[in-house]
A.B. asks: 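Sharing a structure with you now.
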Amino acid sequence: MLDVIREEASKADGVAHLGFKHDFFRDNSLYGNAIETDCKVISAVVEVFKGTNKPLIMSGSAGTLGSVEGEVDESCPVPAFRPSRATCEEVALEGGKAGVRTAVMRLPLHVFDSNGSMFQQIQERKAKQEGAASYIGEGNYQQSSVHVEDAAAAYVLALQHTGCGDTFHIGHGKASGRELVAAIAAKLDISTASVSMEKAAELYGPLLAKRLSTTMVVNSSKARRQLHWEPKHPADAFLKCVAGTYS
């Protein structure tokens with residue numbers, strides 16, 4: 001796999017690294033393997049791009065910062081817990097010292113299209129199985145979202161304009177856990193219910209249950225300022241897509 005990545009990177013003017021293994025949601029012990037694989041992929045591109053000043057744009061996660069109240073910008077300290085995608089960020093940003101124009105795009109939990117987001121779809125499947133759409137605790141936690149087309153536009157701008165070592169938060173719009181579950185329930189014509197964190201861990205696994213109940217609202221003013229990023233979809237598009245009312 002790494003040989004293929006090196007070969008294809010050698011032909012490219014820049015690389016946007018979009019992948020990450022999410023199989024750890026089925027088995028939480030695989031999370032460390034996902035981090036290790038991601039670091040190897042990033043290192044392979046850095047190896048090829050060394051000294052070229054070509055751009056390498058890495059996909060990160062706002063979840064790396066844990067649960068934080070208020071809008072969070074790129075100055076927010078990264079918790080020291082490991083394994084974490086912060087390790088992948090560090091590998092990418094180190095490439096800047098080797099003459100690679102690296103940047104990290106921290107995406108919110110919900111990167112969505114007309115069908116909603118991957119994580120919302122997991123919640124929706126569970127709601128169908130359980131007969132009720134469930135939020136965790138009081139459901140007051142809030143999370144950012146971004147339409148996939150707006151996220152893609154940010155990546156294109158980063159490939160064109162980013163400097164070495166930049167980190168950008170990419171998000172537009174937010175929703176609470178209760179609001180999201182209400183949209184799922186409206187679509188499925190079922191009720192909503194509160195579940196404990198223990199029950200959520202049974203439904204989704206401990207890692208995903210913790211992530212779903214995290215408060216993380218990103219401030220994307222740096223991306224707007226430096227990349228001239230302007231989202232085209234409205235801030236409430238995510239909930240409308242989930243409910244099936246957005247066109």
A.B. asks: Could you see if Leu109 belongs to whatever hydrophobic cluster contains Ile136? Use Ile, Leu, Val, Met, Phe, Trp, Tyr and a side-chain cutoff under 4.5 Å.
C.D. replies: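 Leu109 and Ile136: one cluster.
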
A.B. asks: Going by salt bridge (charged side-chain N to carboxylate O under 4.0 Å, His left out), name the pairs with one or both residues in residues 100-122, residues two or more places apart or in two chains.
C.D. replies: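 Non-adjacent pairs meeting salt bridge (charged side-chain N to carboxylate O under 4.0 Å, His left out): Glu89-Arg106.
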
A.B. asks: Any ion pair linking Glu138 and Arg178 (charged N to carboxylate O, less than 4.0 Å)?
C.D. replies: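 Judged by the 4.0 Å cut-off on N to carboxylate O distance, Arg178 and Glu138 do not form a salt bridge.
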
A.B. asks: Taking atom types as modelled and ignoring hydrogens, do the side chains of His110 and Ser145 form a donor-acceptor contact shorter than 3.5 angstrom?
C.D. replies: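 Their side chains do not contain a donor-acceptor pair, so the 3.5 Å distance test is not met.
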
A.B. asks: Report the distance from atom CG of Leu203 to atom CD of Gln129, rounding to the nearest 0.5 Å.
C.D. replies: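 Result: 8.5 Å between the selected atoms.
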
A.B. asks: If we ignore hydrogens and angles and just use 3.5 Å, is the side chain of Asp150 paired with the main-chain N or O of His147 as donor and acceptor?
C.D. replies: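 Checked: no pair found.
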
A.B. asks: Within the 4.5 Å heavy-atom criterion, are Val100 and Asn53 side-chain neighbours or not?
C.D. replies: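 Not in contact.
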
A.B. asks: Quick one: does any side-chain atom of Thr37 pair with a main-chain N or O of Ala34 as donor and acceptor, under 3.5 Å?
C.D. replies: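 No; zero donor-acceptor contacts below 3.5 Å.
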
A.B. asks: Whether the side chain of Ser117 engages the backbone of Gln120 through a donor-acceptor N/O pair (distance < 3.5 Å, no angle test) should be reported.
C.D. replies: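 Pair found, side chain donor or acceptor close to backbone of Gln120.
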
A.B. asks: If only atom types and distance count, is the side chain of Lys54 paired as donor or acceptor with the main-chain N or O of Gly99 below 3.5 Å?
C.D. replies: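 No, because the side chain of Lys54 does not come within donor-acceptor range (under 3.5 Å) of the backbone of Gly99.
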
A.B. asks: Are a donor atom and an acceptor atom from the side chains of Tyr135 and Ser176 found within less than 3.5 Å of each other?
C.D. replies: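 Not at all, the side chains of Tyr135 and Ser176 share no donor-acceptor pair under 3.5 Å.
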
A.B. asks: Would you tell me whether Glu149 and His233 have side-chain atoms, one donor and one acceptor, within less than 3.5 Å of each other?
C.D. replies: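 The criterion, which ignores hydrogens and geometry beyond distance, is satisfied for His233 and Glu149.
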
A.B. asks: With sequence neighbours left out, what residues match Glu74 under side chain to side chain donor-acceptor pair (under 3.5 Å)?
C.D. replies: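 Listed in chain order: nothing, the list is empty.
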
A.B. asks: Answer yes or no: is there a donor N or O on one side and an acceptor on the other, between the side chain of His22 and the main chain of Phe20, under 3.5 Å?
C.D. replies: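 Checking the backbone N and O of Phe20 against the side chain of His22, a donor-acceptor pair under 3.5 Å is found.
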
A.B. asks: Hey, any chance Met216 and Leu212 share a hydrophobic cluster, counting ILVMFWY side chains that come within less than 4.5 Å of each other, even indirectly?
C.D. replies: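 The answer is no; the residues belong to distinct hydrophobic clusters.
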
A.B. asks: Is a donor on one side and an acceptor on the other found under 3.5 Å between the side chain of Ser220 and the backbone of Gly171?
C.D. replies: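 Judged by distance alone, yes, a pair lies under 3.5 Å.
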
A.B. asks: Under 3.5 Å, is there a donor-acceptor pair between the side chain of Gln143 and the main chain of Ala175?
C.D. replies: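 Such a contact is absent between Gln143 side chain and Ala175 backbone.
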
A.B. asks: Rounded to the nearest 0.5 Å, what's the gap from CD on Glu69 to OH on Tyr141? Could you check?
C.D. replies: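 Taking CD in Glu69 and OH in Tyr141, the distance rounds to 13.5 Å.
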
